[in-house]
2 protein chains.
Amino acid sequence: MSIERTSAGDPARTLALLWPDAAAGRRRGPERGLKLDAVVVAANRLADREGLEAVTMRRLAKELHVAAMTLYTYVPGKAELLDLMLDAAYAEMPRRDTTGAPWRDRLLAVAEENRILFDAHPWAATISTLRPPLGPGLMAKYEHELSALAGIGLDDVDCDDALTHLLSFVQASARASADARAARQESAMNDEQWWAANASLLAQILDPLAYPLATRIGTAAGVEYGSAHDPDHAYQFGLQLVLDGLAALVDGKAVKG
Amino acid sequence: MSIERTSAGDPARTLALLWPDAAAGRRRGPERGLKLDAVVVAANRLADREGLEAVTMRRLAKELHVAAMTLYTYVPGKAELLDLMLDAAYAEMPRRDTTGAPWRDRLLAVAEENRILFDAHPWAATISTLRPPLGPGLMAKYEHELSALAGIGLDDVDCDDALTHLLSFVQASARASADARAARQESAMNDEQWWAANASLLAQILDPLAYPLATRIGTAAGVEYGSAHDPDHAYQFGLQLVLDGLAALVDGKAVKG
DNA sequence: CTATACGTCGTACAGTGTACGGTGTACGGG
DNA sequence: CCCGTACACCGTACACTGTACGACGTATAG
């Protein structure tokens, strides 16, 4: 399998796991050796340490000192586990109260909070959340982030679109950072070394006259960042542009309204 | 394995494959039954039809009527094959000459060309190109796109940053579209059905008073698009914001310069 | 003619998610 | 008290992945 998408399981079963029933009486049979929370926490710690691809049912089971198939008594499958992992990560995000601050600062704070999330859990940036895990973690996150956008002068649908746009940018940046980390580890070659190796090889093959702009600007950027791209710089650069774009939207609405 | 990253192989070998030596004399042993191009073309057609996860060495070999291991006489491994696939897709992109047009129209054309790429080859959007395949396809693409940005008044590094920002947005959007398609196929449930199922279930669980903005705006957006998100709308909405953001950058530089 | 380099490909290995069925345990009803 | 039953736990098995290794045949260089 290769689920890298949330809500790939049955909605009813997934929601039942995300919103556990507190009024649960003792069931028949032996007592459970673990709690669902412990499974999810172990999965997140494993993913944090060794990456999402290290979270296999066998490996996670070993971490918890049970057999692989035992996990299936806690969770219907790996797809649902992924939903629980991500919702748990959402639940523990920092949420700064920026009431009264200028809207640009409030959105900056939202971006920063998501950046912290992806910094602590790089695997979270690699998951597609087109169908998000509709648990308490996501709901709290969504409510908090909408409150930062409230009162700017956007209607409900624009609010949601603007938030989606901002979050999508932060996630794309974080994904690039996570990819850079993974590439560095798996290739035993950091970006600078990779860039140097390719630059010297390309110089022998490539005719600069055929690609004048590409050679000039590509080299300039490569020299500046020591690679083809620098994810951290791209984030700082792009974030300002995203906020400038949103400013155009907000100002446009203000003029109309 | 689960490479979803270009340039994961040895740079020298990869570059040798991307820039084939025309002056290649007859080698010893039997004549080759295939050409490298045919392998790459077959791989791309397979990925277009059935998705990147269908491109396994065995499946591709069957498509070409050879044994699985035979492919390894054409390509060192799957990582290098992925580079060749993507560079080939780049090579056949449309490139409209927009010389003389306003810069906003020129960047719109660049975005549109990349949208066409990802529409024809959805798998291309799912690949991380932090270390791009430095072949003739990418070079032609890069040169063309830089020419659209030339003369706006940005310096070399800003040019590269601006292009990266725009392309990153288009790719993120295309990835969302590809994810939506994949989710629809694999879950036998389209976004509208998924949204309806979850909305009715959530209504029984959730306290609207605890999440007032989330329920109001989430419902408004869900009703508007029939799901949590609509990738096509997000693209149209976001593209304008990205261009507005770039406008702020260009105007800022023009004032300074 | 022979040595060698090369194309082709069958088998094997370690890994994945999870279906299936067996075994032991604790509770509910008689 | 006692037994049927629901449940926790888990060993084995299956289909799938990329590719290392080695066997075998072929065409060229010397």
Side-chain angles (χ1 to χ4, degrees), chain A residues 1-6 8-10 13-14 17 24-36 38-39 42-43 46-47 50-85 123 186-187, chain B residues 1-6 8-10 13 16-17 24-36 38-39 42-43 46-47 50-85 123 186-187:
Chain A
M1 209 201 309
S2 166
I3 326 166
E4 295 202 340
R5 187 184 319 124
T6 49
D10 174 44
R13 299 221 41 177
T14 306
L17 287 168
R26 181 90 171 79
R27 332 210 308 189
R28 281 203 207 172
E31 207 169 354
R32 318 195 65 149
L34 297 169
K35 284 176 182 162
L36 178 55
V39 174
L46 183 53
E50 306 185 27
L52 194 55
E53 70 280 358
V55 182
T56 69
M57 299 306 266
R58 282 173 245 263
R59 181 88 162 74
L60 177 58
K62 183 169 285 185
E63 214 80 9
L64 290 162
H65 304 104
V66 296
M69 293 310 294
T70 300
L71 293 179
Y72 288 89
T73 66
Y74 292 86
V75 158
K78 206 186 175 184
E80 289 80 2
L81 177 61
L82 202 61
D83 281 36
L84 294 173
M85 290 173 66
W123 50 270
E186 287 173 33
S187 74
Chain B
M1 210 201 308
S2 168
I3 327 165
E4 295 202 340
R5 187 183 319 125
T6 50
D10 173 44
R13 301 221 40 177
L17 288 167
R26 182 89 171 78
R27 331 207 312 189
R28 281 199 209 176
E31 208 170 352
R32 319 197 65 154
L34 297 169
K35 284 176 182 161
L36 177 56
V39 175
L46 183 54
E50 306 185 28
L52 195 56
E53 72 279 359
V55 182
T56 69
M57 298 306 265
R58 281 173 246 262
R59 182 89 162 74
L60 178 57
K62 182 168 284 181
E63 213 81 9
L64 290 162
H65 304 104
V66 295
M69 291 311 293
T70 301
L71 293 179
Y72 287 88
T73 66
Y74 292 87
V75 157
K78 206 186 177 185
E80 290 81 1
L81 176 60
L82 202 61
D83 281 36
L84 294 173
M85 290 173 65
W123 51 270
E186 286 174 33
S187 73

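Residue numbers start from 1 in every chain, and the chains themselves are labelled A, B, ... in the order their sequence lines are given, proteins ahead of strands.
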If I take atom CE in residue B:M57 and atom P in nucleotide D:dA20, what distance separates them, rounded to the nearest angstrom? 10 Å
Could I get a table of every N or O pair under 3.5 Å where one atom is in the protein and the other is in nucleotides 8-16 of chain D?
unit_1, atom_1, unit_2, atom_2, d
D:dA8, OP1, A:R27, NH2, 3.0
D:dA8, OP1, A:R32, NH1, 3.4
D:dC9, OP1, A:G33, N, 2.8
D:dC9, OP2, A:T73, OG1, 3.4
D:dC9, OP2, A:Y74, OH, 3.2
D:dC10, OP2, A:A67, N, 3.2
D:dC10, OP2, A:T70, OG1, 2.8

Distance check needed: C:dG17 P versus A:L52 CG, whole Å only. 10 Å
Starting at CG of B:L81 and ending at C1' of D:dT19, how long is that distance when rounded to a whole Å? 14 Å
Of all heavy-atom pairs between B:L64 and B:A42, which one has the smallest distance, and what is that distance? CD2-CB, 3.7 Å
Find the distance B:E53:CD to D:dT17:P and express it as a whole number of Å. 11 Å
Search all heavy atoms of B:T56 against all heavy atoms of B:E53 and return the closest pair with its distance. CG2-O, 3.8 Å
What's the NZ-C1' distance between B:K78 and D:dT19, to the nearest Å? 12 Å
Whole angstrom value for the distance that separates P of D:dG18 from CG of B:L60: 10 Å
Could I get the full list of side-chain hydrogen bond (donor to acceptor under 3.5 Å, both in side chains) partners for A:T70, not counting sequence neighbours? none
Contacts of A:E50 that satisfy salt bridge (charged side-chain N to carboxylate O under 4.0 Å, His left out) - sequence neighbours left out: A:R59
Nearest 0.5 Å, please: how far is NZ in B:K62 from CG in B:L46? 12.0 Å
Enumerate the salt bridge (Lys or Arg N to Asp or Glu O under 4.0 Å) contacts for residues 67-76 of chain A, please, sequence neighbours excluded, ordered by first and then second residue. none
Which distance, rounded to the nearest 0.5 Å, do you find between the CG of A:L82 and the CH2 of A:W123? 7.0 Å
Let me check the geometry of the helix from C:dC1-D:dG30 to C:dG30-D:dC1. What is the bend angle between the axes at its two ends, five pairs each, to 10°? 10°
Atom-pair distance (CG on B:L71; P on C:dC9), nearest Å: 10 Å
Identify each atom pair where a protein N or O and an N or O of nucleotides 21-23 of chain C are less than 3.5 Å apart, giving names and distance.
none

Could you check how far OH of A:Y72 sits from P of C:dG17, rounded to whole Å? 6 Å
Would you compute the distance between atom CG of B:L71 and atom NZ of B:K78 and round it to the nearest 0.5 angstrom? 11.0 Å
Neighbour count above 12 (heavy atom, 6.0 Å) for B:R32 CZ: yes
So A:L84 and A:L36, do their side chains get closer than 4.5 Å, heavy atoms only? yes
Heavy-atom side-chain proximity of B:L60 to B:L81 below 4.5 angstrom: yes
